[in-house]
Amino acid sequence: MATIKQLYTTLDERRRPEDVAEMIVDVLKSDLKIQEHTILSKAANLSLNKNFYGYTSMLETFGTAIGAGKQIKKATEIFKINEKENSGYNNVDEIEAFIKEVSPIIHKDIGQNDFRSDRLNRDLRKLAGLDISKRNYNKKWRLLKRIEIKLQKFIQESKKIEFQKMAKHGLSHTISFEDFSGDLNTACFIAYFNARSNLRSTFTNQSQDRPFDEICEMLFSRCKQNPSETNWSAISYIYSSKEVLQHLTDEQKGNLLGRWTVILEEISEFLETLWNENDIYRKTMAVKKGNDSTTWNNTAGAWNKARDNWMNLIYALGLDSVLDDLCFGKVMRLMAADVIAWHLSSGGKIDPNTEVWNNVPLPWEVFQEKVFCNKETIVNACKKAGLDPEKSGWIAPRTHGVSPFSPTPELVHGVTVSNPFLAKVLKQNKYFSGKI
C-alpha cells in the first residue's frame, strides 16, 4: 500500500507514470469516483507490479554527482586529522568547509594551484613553522589541489543534473513535503504530471507526446473542484498555466518571477560556457562529432522551461510591457543528422524555429547587455520564418491540449523495444547509440 511519503519521493525520480498512477489509486482509495477510477486505471493497470515482465531497463532515477568523499578520506589519513561522522562530503558546503579548515595547516592559499609558483619553498616553510619534509609538504599540497579540482567538477556535474531535472519538470523536485502533503488532490496531480513530464524523448520525425494527458486533466479537475484546499503555489512549480497563477497572490507570483529570473541568468551563463566549448553549427543545429549534445540539450531544455515559466508570470502580473524592453528567445536543441535527413526525406523541412533562433540574439549576450532584444525583435524574426509568434510560444505563454493516455514505451536511445530484457542487452552493446 503506497503512502503519501512514497509518492513524494517520486518527485526526484523518473518513475513510469503507470507506477505512479498505481500509487495514486492506493493514496486516494475510495475517494475516487467510478469514472475517475476508470481513467486512472488506464495507467495503473499497466504498472510494473501488474506487468508480465515486472521490470524496466530504463533508469528510474536521475544521475547523481559524486562528491569528494574518497579524496577527503585520504586527506584525513595524510594530515592525521579526525574525520567528521556521517559526512559523505556530497555537498558543496561540506567540501568547502573541509578545504578551508585544512588548507591553513600547510599555509596553502585556496585557489592558488600552480605547482611552480604557489608552493612554499624551504625558507618560507621554515618561516611559517612547517617542520615537515619537502616530499611530505608536496604530497599534502597536491592532495588539497585535487580536492579543489574535485569540488569544481562536483559543482559542474551538480549543475548539469539540476538543469536536466528542470528541463523535464521545472521546480517540482524542490517542493517541500509539507507543501506537497497538505492536500491529497494537489499531491496526486503534481506526482503524476511530474512522472509524465519526465518521460524520455522517442526517436521520431514527428512532434513528441505532450505530458498533459487525460489522467492529468482528471486529477487537475479534482483540484479545481476544491480550490480553497488546493495548494496552487506548489502546483505552480511544475504547471504555471494562467488557470493556476490566477489563484496566487501578487507577492507569490512576484517571488516566483524573481526565482525564475535568477535561474534564467544561471542557465544563460552555463549555455555560454557550453557554446564556447562546442563548435556548434547554429544554422541547422545538426550535431557534429565532438559536440556534447546531451549536456547542451538538457541545458537548452532547462532554458526553455524556465523561459516559459518566466513568460507565464510576466503576463499573469500584467507586466507584458516589460517585453518591449527585454525579451529572451528560445534555445534550440542539437539534432542528430539522421533525424534531420529523415525529416527532409519525408517531405518536411528545417524547423522554422531554428530559423528564428538564427535571427535573434543569443540569450547570454542579452543578459550581459551586449545586444538588445525585445518583443519586436522576436516578432520580426518569427514573421520572417513564417511562424505565428504567439501560437509558437516565442512571445506569449504556450498553450496545450489534452493528450490521450499512451503506455510508456521501453526505449533504447529513443528507439522503442518491446521486451525490457532485450532492451537491456541492446543498451549494454550500444545499439542505437551511434557508437558502433
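Keep in mind that what you see is a predicted model, and the values were worked out from it rather than measured.
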_All pairs passing side-chain hydrogen bond (donor to acceptor under 3.5 Å, both in side chains) where residues 143-154 contributes a residue, at least two apart_ =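 Counting only pairs at least two positions apart or across chains, the side-chain hydrogen bond (donor to acceptor under 3.5 Å, both in side chains) contacts touching residues 143-154 are Lys108-Glu148, Asn113-Glu148.
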
*Restricting to pairs with a member in residues 324-335, which pass side-chain hydrogen bond (donor to acceptor under 3.5 Å, both in side chains), not counting sequence neighbours?*
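Listed by first then second residue: nothing to list.
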
_Pair Lys160 + Glu157, salt bridge at N-O below 4.0 Å_ =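 Salt bridge present between Lys160 and Glu157.
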
*Is it true that Asp250 and Lys253 make a salt bridge, defined as a side-chain N closer than 4.0 Å to a carboxylate O?*
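Yes, Asp250 and Lys253 are salt-bridged.
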
Backbone N or O of [Y] within a donor-acceptor pair of the [X] side chain at under 3.5 Å?
X: Lys288; Y: Asp279; value: yes
X: Glu36; Y: Met218; value: no
X: Asn291; Y: Ser293; value: no
X: Asp12; Y: His173; value: no
X: Thr230; Y: Cys223; value: yes
X: Asn312; Y: Ser240; value: yes
X: Asp213; Y: Ile215; value: yes
X: Asn194; Y: Ile190; value: no
X: Lys168; Y: Leu199; value: yes
X: Thr273; Y: Glu269; value: yes

Other residues, nucleotides and ligands only: do more than 12 of their heavy atoms fall within 6.0 Å of [atom1] on [X]?
X: Gln225; atom1: CD; answer: yes
X: His37; atom1: NE2; answer: no
X: Glu365; atom1: CD; answer: yes
X: Glu376; atom1: CD; answer: no

Can you tell me how far [atom2] of [Y] sits from [atom1] of [X], rounded to the nearest 0.5 angstrom?
X: Tyr89; Y: Gln71; atom1: OH; atom2: CD; value: 12.5 Å
X: Glu355; Y: Leu387; atom1: CD; atom2: CG; value: 8.0 Å
X: Cys327; Y: Met311; atom1: SG; atom2: CE; value: 4.5 Å
X: Leu40; Y: Leu219; atom1: CG; atom2: CG; value: 6.0 Å
X: Glu22; Y: Arg16; atom1: CD; atom2: CZ; value: 10.0 Å
X: Ile147; Y: Leu144; atom1: CD1; atom2: CG; value: 5.5 Å

Once the angle between the rings of [X] and [Y] is folded into 0 to 90°, is it parallel (under 30°), tilted (30 to 60°) or perpendicular (over 60°)?
X: His247; Y: Trp232; result: parallel
X: His169; Y: Phe62; result: perpendicular
X: Trp296; Y: Trp275; result: tilted

Less than 3.5 Å apart, any donor N or O on the side chain of [X] or [Y] sitting next to an acceptor on the other?
X: Lys33; Y: Gln35; result: no
X: Trp310; Y: Thr261; result: yes
X: Asn91; Y: Asp93; result: no
X: Asp179; Y: Ser176; result: yes

*Could you go through the side chain to side chain contact (heavy atoms under 4.5 Å, CB included) check for Ser403 and Phe212 one step at a time?*
CA-CA 6 Å; Ser403 305; Phe212 198 96; over 6 Å; no

Taking side chain as C-beta onward, heavy atoms only, is [X] less than 4.5 Å from [Y]?
X: Leu171; Y: Trp260; result: yes
X: Phe180; Y: Ile4; result: yes
X: Lys305; Y: Asn309; result: yes
X: Asn198; Y: Phe193; result: no
X: Thr174; Y: Arg259; result: yes
X: Leu46; Y: Phe405; result: yes
X: Trp357; Y: Arg282; result: yes
X: Ile235; Y: Asn231; result: no

Considering all heavy atoms of both residues, which atom of [X] and which atom of [Y] are nearest to each other, and what is their separation?
X: Ile110; Y: Ser103; value: CG1-OG, 3.9 Å
X: Leu7; Y: Ala187; value: CD2-O, 4.3 Å
X: Ala234; Y: Thr186; value: CB-CG2, 4.4 Å
X: Phe98; Y: Ala75; value: CZ-CB, 3.8 Å
X: Ala381; Y: Asn359; value: CB-CB, 4.1 Å
X: Ser236; Y: Leu256; value: OG-CD2, 3.5 Å

_Please evaluate residues Thr3 and Val27 with respect to the criterion side chain to side chain contact (heavy atoms under 4.5 Å, CB included), reporting the C-alpha separation (whole Å), side-chain torsions for both, the decisive distance (0.1 Å), and the verdict._
CA-CA 6 Å; Thr3 65; Val27 169; over 6 Å; no

*Would Leu319 and Leu257 satisfy side chain to side chain contact (heavy atoms under 4.5 Å, CB included), going step by step from the backbone distance to the final call?*
CA-CA 11 Å; Leu319 297 174; Leu257 177 63; 4.1 Å; yes

_Check: Phe220 ring centre within less than 6.0 Å of Tyr239 ring centre_ =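 Phe220 vs Tyr239: aromatic centres under 6.0 Å.
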
*Sequence-distant partners of Arg15, salt bridge (charged side-chain N to carboxylate O under 4.0 Å, His left out), two or more places apart*: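 Once residues adjacent in sequence are excluded, the partners of Arg15 under the salt bridge (charged side-chain N to carboxylate O under 4.0 Å, His left out) criterion are Glu13, Glu60.
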
*Please report the C-alpha distance between Leu184 and Leu28 in whole Å, then the side-chain angles of each, then the deciding distance to 0.1 Å, and finally whether the side chain to side chain contact (heavy atoms under 4.5 Å, CB included) criterion is met.*
CA-CA 7 Å; Leu184 286 183; Leu28 293 179; 4.2 Å; yes

